[in-house]
Amino acid sequence: MVAGSLNLAAPVWCRIERLGPDTRYQQIVNLVHQALTEKPGWMRMADRFAGYFLWGVLLLALLGGLAWWWIDPSRVVWVVVSVLVVTCPCAFSLAAPSALLAAAGALARRGVLVRHLDAIDTLASVRTVLFDKTGTLSDTRLRVQSVWWQGRVGAEGDVPATLLSAAGALAAQSQHPAAQALAGLQQEQAPYWLDVKEHAGLGLQAQAPDGRVWRLGAASWALSGHADLVVSPWAGARVWLAPVAPLQGRADEVLGFALDEQPRAEAAAALAELRAQGVEAAVLSGDQPERVQHFIAQLASLPALSVLGAAASPERKLELLRARQQGGQVVAMVGDGINDAPVLASASVSFALDQGAALAQSQADFIVLGGRLTGVSQAVDISRRAMRIVRQNLVWSASYNAVCIPLALMGWLPPWLAGLGMALSSLAVVLNALRLGAGQRRAPVSRA
């Protein structure tokens with residue numbers, strides 16, 4: 001059995017050849033742990049500076065008190081209190097956390113949950129975003145790409161509605177992903193199928209109201225009674241509908257369906273927004289190269305989308321990512337599967353879809369709700385705005401203290417005004433950070 005397969009109804013016999021640390025799953029977990037140990041954390045320089053700044057203020061207050069002891073002993077306490085009160089190391093400490101928390105709140109309203117606040121700083125510098133294809137850029141559901149009927153390939157509208165409805169009604173009897181892609185073709189006038197049986201690896205067989213037996217499934221099985229039917233010009237069909245005993249002269253009863261992955265509804269918009277932000281987008285997938293290229297062709301309006309790697313194992317994905325990082329790039333990764341977990345952990349910053357594997361989510365810095373890929377581009381925009389606000393807050397805090405501390409040392413700032421200035425300084429930092437959330441509406445989150 002291939003990993004990731006879904007067993008629908010058939011019994012399964014398996015032989016266990018490897019256990020524990022020898023399994024592929026454990027190897028992927030080991031890659032995750034290795035990547036996490038090599039990922040540097042964000043150093044909060046503002047907090048460390050605030051500590052040194054506090055000791056410097058205490059020393060200035062002591063020296064100022066000694067100076068005023070010789071100038072006017074009656075004002076020593078007045079000056080020392082003013083110096084200690086007017087200084088605002090908390091403004092330095094609040095400069096980054098207040099902006100990061102405001103950014104996290106703004107992202108949550110956009111459908112993006114922040115797991116690590118320090119990742120916002122890293123995301124502001126990102127220049128490359130790598131996307132997994134299957135389940136990330138593509139929807140988890142297959143779609144009907146085209147239909148073969150009467151020897152030609154066309155759209156669903158070229159086929160009689162009754163025949164399409166029959167295929168959809170029969171497909172609705174199975175949970176197979178390919179069958180579910182056809183179930184949407186069912187309409188009210190669809191026939192009621194009798195004696196429905198699912199044959200593992202082949203498809204569905206059922207009896208129509210007129211007593212005829214039909215099959216829906218693989219070509220080798222569904223078309224076994226149609227030796228004279230020529231379908232070779234279109235080998236792209238994955239699912240076929242045909243009667244087991246065809247009526248003479250009724251070749252128009254046979255349908256072939258080509259199924260394909262479809263891009264997520266917001267994939268094109270997200271990629272376009274990233275390109276407008278100056279961020280390169282590339283695909284890093286474990287799927288076959290031809291399928292990756294075919295999928296990208298569906299996003300023809302985005303020629304900037306490149307392929308960094310295809311048919312890539314988790315180890316290969318990690319190698320390609322680190323090659324980019326060693327070149328000095330800040331690289332983000334967006335994925336959803338277990339095999340994406342190591343590269344998500346090793347990326348400079350990472351996103352996981354909430355519909356993906358739990359292991360992938362546990363290693364991501366951001367969780368995108370409802371598969372809304374525009375949340376990635378919105379996160380880049382908000383993170384950049386957040387870091388601009390952090391710099392503004394730091395400049396304001398430094399300017400305030402550089403002006404007010406000398407005034408207090410010179411005795412020009414009474415204690416009551418010093419206290420008011422200190423409070424207003426911290427308030428200004430917080431209010432500036434809250435601008436990130438202004439005008440942000442809660443985004444609808446789809447659970448489809």
Pairwise side-chain contact, [X] with [Y], heavy-atom cut-off 4.5 Å (strictly under):
X: R127; Y: V330; value: no
X: S125; Y: M387; value: no
X: R324; Y: L308; value: yes
X: V283; Y: F295; value: no
X: H199; Y: R215; value: no
X: L259; Y: V144; value: yes
X: L164; Y: L255; value: yes
X: N339; Y: K317; value: yes

[X] and [Y]: which non-hydrogen atoms are nearest, and at how many Å?
X: A379; Y: L107; value: CA-CD2, 3.4 Å
X: S285; Y: D132; value: CA-OD1, 4.1 Å
X: P263; Y: A267; value: CB-CB, 4.3 Å
X: A181; Y: L142; value: CB-O, 3.5 Å
X: L373; Y: T136; value: CD1-O, 3.5 Å
X: E253; Y: W214; value: O-CZ3, 3.7 Å

Donor-acceptor contact present, side-chain [X] to main-chain [Y], <3.5 Å:
X: Y400; Y: M422; value: yes
X: W240; Y: S220; value: no
X: R115; Y: I367; value: no
X: S346; Y: P342; value: no
X: Q361; Y: G356; value: yes
X: S224; Y: W221; value: yes
X: R384; Y: L123; value: no
X: S174; Y: A171; value: no

Salt bridge (Lys or Arg N to Asp or Glu O under 4.0 Å) partners of D260, counting only residues at least two apart: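 D260 satisfies salt bridge (Lys or Arg N to Asp or Glu O under 4.0 Å) with no residue once adjacent residues are dropped.
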Between [atom1] on residue [X] and [atom2] on residue [Y], distance to nearest 0.5 Å:
X: S313; Y: L318; atom1: OG; atom2: CG; result: 9.5 Å
X: I338; Y: L344; atom1: CD1; atom2: CG; result: 12.0 Å
X: K133; Y: E261; atom1: NZ; atom2: CD; result: 3.5 Å
X: I296; Y: L137; atom1: CD1; atom2: CG; result: 8.5 Å
X: T374; Y: D381; atom1: OG1; atom2: CG; result: 12.0 Å
X: D340; Y: L284; atom1: CG; atom2: CG; result: 8.0 Å

Residues Q325, S348; criterion side chain to side chain donor-acceptor pair (under 3.5 Å); working and verdict: CA-CA 8 Å; Q325 291 176 319; S348 307; 3.3 Å; yes
Worked verdict on L353 versus R264 for side chain to side chain contact (heavy atoms under 4.5 Å, CB included): CA-CA 12 Å; L353 304 187; R264 287 187 178 272; 3.6 Å; yes
Test item: side-chain donor near acceptor, Q277 and S377, under 3.5 Å: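 Looking only at side-chain atoms, S377 and Q277 do not form any donor-acceptor pair under 3.5 Å.
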Evaluation steps, side chain to side chain contact (heavy atoms under 4.5 Å, CB included), between L182 and L170: CA-CA 9 Å; L182 302 181; L170 182 54; over 6 Å; no
Candidate pair Q205 and V213, rule side chain to side chain contact (heavy atoms under 4.5 Å, CB included), full reasoning: CA-CA 7 Å; Q205 179 173 301; V213 178; 3.5 Å; yes
Steps toward side chain to side chain contact (heavy atoms under 4.5 Å, CB included) verdict (I389, Q392): CA-CA 5 Å; I389 287 179; Q392 292 169 5; 4.1 Å; yes
Ring pair (Phe, Tyr, Trp, His ring centres under 6.0 Å) partners of residues 324-380, not counting sequence neighbours, each pair once: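 Residue pairs with at least one partner in residues 324-380: F351-F366.
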